[in-house]
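Shown next, in structure tokens, is the structure this report addresses.
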Amino acid sequence: MTNAQIADTLELLADLLEFQGANPFRVRSYRNGARTIRDHAESIESIVAADPRRLLDIEGVGDSVADKCVSLVQTGRLEQLEALQAEVPESVVKLLRVPGVGPKKAATLHKELGIRSLAELEQACRDGRVRSVRGFGAKTEEAILRNVVFAEKAELRILWADADRVAVDMLAHMRSSPVVRRAEMAGSYRRGRDTVGDLDLLVVAADREAAMDHLAHAPRVRETLARGETKMSVRLDSGLQLDLRAVPAESFGAALQYFTGSKAHNVELRGRAKDRGLKINEYGVFRGDEPIAGAEENEVYAAIGLPWFPPELREARREFEWADAGRLPKLIEPADIRGDLHMHTTATDGRATVEQMVEAASRLGYEYIAVTDHSRRVTMARGLDPARLRAQWKAIDRLRGRRSDGPAILKGVECDILEKGGMDLPDDVLAEADWVLASIHYGQRQSRAQITERVLEAIEHPHVNAIAHPTGRLLQRREAYEIDLDAVFQAAARHSKILEVNANPARLDLDDIQCAAACRHGIPIVINTDAHGPEGLDDMRYGVTQARRAGLTRDDVLNTRPWKQVERILARGH
DNA sequence: GCCGTTTTCGGCCCGACTGTTTTCAGTCG
């Protein structure tokens with residue numbers, strides 16, 4: 001059982017308990033436990049196998065959660081959960097997903113009207129039965145009817161790259177108002193999370209009412225959900241919710257810090273403020289009633305004796321430990337990247353020729369690129385057999401001869417790891433390449449053990465340099481395949497092989513925790529775009545953000561180095 | 001339910017907003 005599955009189970013338990021009106025702190029404990037287990041780098045399964053008492057070393061895991069982990073790993077079941085499920089129909093939990101409906105209202109609706117599902121809730125609203133319940137009125141009924149569609153969409157989180165377009169637009173709109181003095185996005189968008197659930201916009205305005213009016217008239221705003229003196233929520237055309245907060249100038253930094261989060265980061269920060277006899281909230285840092293910081297974010301951190309943290313690090317993982325040791329990493333930046341080692345051309349499923357890709361890379365100022373078209377097994381993309389691959393390499397040789405400037409062009413290939421194991425191209429062909437990526441496109445439904453075995457074999461292959469998209473995980477879709485990453489890390493470290501962070505914004509092969517774990521194993525990371533056209537090369541910054549969230553520095557990432565150095569590192573793997 | 005160690009019991013963030021209510025509970029972030 002994976003950590004994510006254990007976390008999901010604990011979340012469900014928390015939902016059911018909350019619905020039953022259990023102690024809210026108990027509910028929160030389960031949610032905290034679920035979160036830390038989801039984030040934990042080591043698998044719970046292996047901890048249970050080695051020594052279950054070590055579970056208690058995990059922050060937020062006590063006797064109760066530890067017992068539940070053991071039960072889940074050993075039997076796949078949880079008695080308490082099954083008992084709860086017998087009492088509460090699971091579909092009822094979905095009522096909690098309707099914005100404005102919390103555990104109390106959901107329980108009342110279930111008890112008074114016998115509502116068991118979203119469909120029944122919607123019908124009851126249409127029939128006007130909901131407004132007859134004490135504590136509910138016509139407005140609540142209308143709000144539920146309006147919001148029930150968002151509950152049905154499960155969880156509306158959009159890719160960071162898509163949120164970015166909206167955020168840039170909305171910021172520009174707000175800054176165009178003459179009454180707006182400052183405007184910034186906060187929240188998970190600012191932290192660079194791979195997906196974004198809503199946007200948090202902070203403004204300092206000479207006239208708050210006018211600023212809110214200005215927001216209400218933005219082209220992307222579909223409806224206003226709530227509007228008070230300092231706070232306003234709107235629904236955008238994409239369905240995304242945007243929350244605006246108008247704050248005084250002297251509180252802007254504190255508000256930016258507070259609303260950027262994460263929640264766990266802020267909890268830690270508050271605790272540290274308390275230890276120093278200070279209080280911190282969205283208005284500032286206070287000693288007693290006296291404000292001592294608030295206008296700028298770095299002043300807020302400084303008041304608590306901490307350095308300013310890049311937003312990508314604010315997840316309460318290692319950042320405080322690093323700050324305490326005076327070793328906050330200097331995170332990698334997009335400008336550090338010197339080359340891109342994964343891209344396709346018209347030879348297979350790319351939309352541009354080698355020449356066009358070289359031109360685009362030249363404009364980005366890259367020192368080198370690798371052309372890595374698919375191997376023959378990827379028939380849908382007209383993958384290359386040895387003859388066509390060698391022909392492409394010959395053409396690259398000629399191109400190299402014609403060009404005196406621009407990036408060095410490396411003869412590469414993205415060679416498939418076959419279903420039955422082994423590489424899709426013969427060793428003598430791979431031996432001629434400057435750069436070999438190995439990746440899985442077929443047989444993704446095999447067992448975890450089988451997939452892992454195939455990847456391990458590729459790692460041991462003398463001519464393979466790196467594993468491309470090592471987990472095949474795509475955001476907003478089910479995981480492509482399951483793989484034992486612990487084993488992959490150990491093998492990659494042993495054989496000096498490289499793992500790719502794929503910069504495609506819809507991919508999350510190695511999340512920040514896994515990426516950081518790979519780094520701790522001493523495995524070089526390469527950030528590649530896997531571009532299928534010239535514009536695809538611009539995705540590099542998404543991969544860099546992912547690496548920043550993992551706390552990676554320039555030194556951790558292979559393609560921040562000159563090619564001569566990269567070659568020396570590749571030689572170790574042979 | 002978890003945590004701590006000047007607490008093994010008593011905290012656990014708390015302010016803004018809405019709706020229903022006639023003084024406040026529920027929800028959200």
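It should be emphasised that the depicted structure is a prediction, and the values quoted were computed from it without experimental measurement. The chains referred to below are lettered A, B, ... by the order of the sequence lines, with proteins before strands, and numbering in each begins at 1.
- Between A:D164 and A:R541 there is a salt bridge, since at least one side-chain N of the basic residue sits less than 4.0 Å from a carboxylate O of the acidic one.
- In this structure, A:D67 atom CG and B:dC2 atom C1' are separated by 14 Å, rounded to whole Å.
- At a cut-off of 3.5 Å, with distance as the only test, a side-chain donor of A:D127 or A:Q123 sits close to an acceptor on the other residue.
- The nucleotide whose nearest atom lies closest to any side-chain atom of A:S64 is, among B:dT27, B:dG29, B:dG1, B:dG1.
- Between A:R26 and A:V133, the residue whose closest nucleotide on DNA chain B is further toward the 5' end is A:R26.
- Look at NZ on A:K68: it is 12 Å from C1' on B:dC2, rounded to the nearest Å.
- For B:dT8, there is no paired base (Watson-Crick or G-U wobble, both distances below 3.5 Å).
- You'll find that the side chain of A:T140 is closest to B:dT20, out of B:dT20, B:dG15, B:dC12.
- When heavy atoms are screened at a 4.0 angstrom cut-off, A:Y258 is found touching base atoms of the nucleic acid.
- Rounded to whole Å, the separation between the C1' atoms of B:dG26 and B:dT20 comes to 11 Å.
- Checking A:K279 against A:G62, the closest nucleotide of DNA chain B that is more toward the 5' end is the one next to A:G62.
- As rounded to whole Å, 10 Å separates atom P of B:dT20 from atom CZ of A:R131.
- Nucleotide B:dG19 holds its P atom 14 Å from the CG atom of A:L145, rounded to whole Å.
- Here the side chain of A:D198 is nearest to one of B:dT20, B:dG1, B:dG29, namely B:dG29.
- Here the nucleotide nearest the side chain of A:Y283, chosen from B:dG29, B:dA16, B:dG26, is B:dA16.
- We find that CZ of A:R134 is positioned 11 Å from C1' of B:dA25, with the value rounded to whole Å.
- For A:Y283 and A:Y258, the ring centers are positioned 6.0 Å apart or more.
- Comparing the C1' positions of B:dT18 and B:dC9 gives an interatomic distance of 36 Å, to the nearest angstrom.
- The P atoms of B:dC17 and B:dC12 are separated by 24 Å, rounded to the nearest whole Å.
- Remark: P of B:dG26 and CG of A:L95 are 17 Å apart, rounded to the nearest angstrom.
- Glycosidic conformation of B:dT5: anti, with the torsion beyond 90° of 0.
- Using a 4.0 Å heavy-atom distance criterion, A:T230 is classed as a sugar-phosphate-only contact.
- Nucleotides B:dT8 and B:dC3 have their C1' atoms positioned 10 Å apart, rounded to a whole Å.
- Looking at heavy-atom distances under 4.0 Å, A:P24 makes no contact with the nucleic acid at all.
- Looking at the side chain of A:K263, the nearest of the listed nucleotides B:dC13, B:dT20, B:dG15 is B:dC13.
- Among B:dT27, B:dC2, B:dG29, the nucleotide with an atom closest to any side-chain atom of A:S29 is B:dC2.
- A:A138 comes within 4.0 angstrom of the backbone, heavy atoms only, and of no base.
- At whole-Å resolution of the value, CZ in A:F136 and C1' in B:dT27 are 12 Å apart.
- Exactly one of A:R317, A:E319, A:E315 qualifies for a side chain to side chain donor-acceptor pair (under 3.5 Å) with A:H265. That residue is A:E319.
- Considering only the side chain of A:D243, B:dG29 comes nearest among B:dG26, B:dG29, B:dA16.
- Residue A:K104 places its side chain closer to B:dG26 than to any other of B:dG29, B:dG26, B:dA16.
- Atom CG in A:N281 sits about 14 Å away from atom P in B:dC13, given to the nearest Å.
- Among the nucleotides B:dA16, B:dG1, B:dC13, the one closest to any side-chain atom of A:R28 is B:dC13.
- Under the 4.0 Å criterion applied to side-chain N and carboxylate O atoms, A:D512 and A:R191 are not assigned as salt-bridge partners.
- Within 4.0 Å of A:V27, counting heavy atoms only, lies no atom of the nucleic acid at all.
- Counting any heavy atom pair closer than 4.0 Å across all strands shown, A:N266 reaches no nucleic acid atom.
- With a 6.0 Å cutoff to the six-membered ring centre and a 45° limit on the axis angle, A:R314 counts as a cation-pi contact of A:W308.
- Comparing B:dC2 with B:dT7, their P atoms are spaced 23 Å from each other, to the whole Å.
- B:dG19 and B:dG4 are spaced 41 Å apart, taking the P atom of each and rounding to whole Å.
- Taking 4.0 Å as the cut-off between side-chain N and carboxylate O, A:R227 and A:E209 count as a salt-bridged pair.
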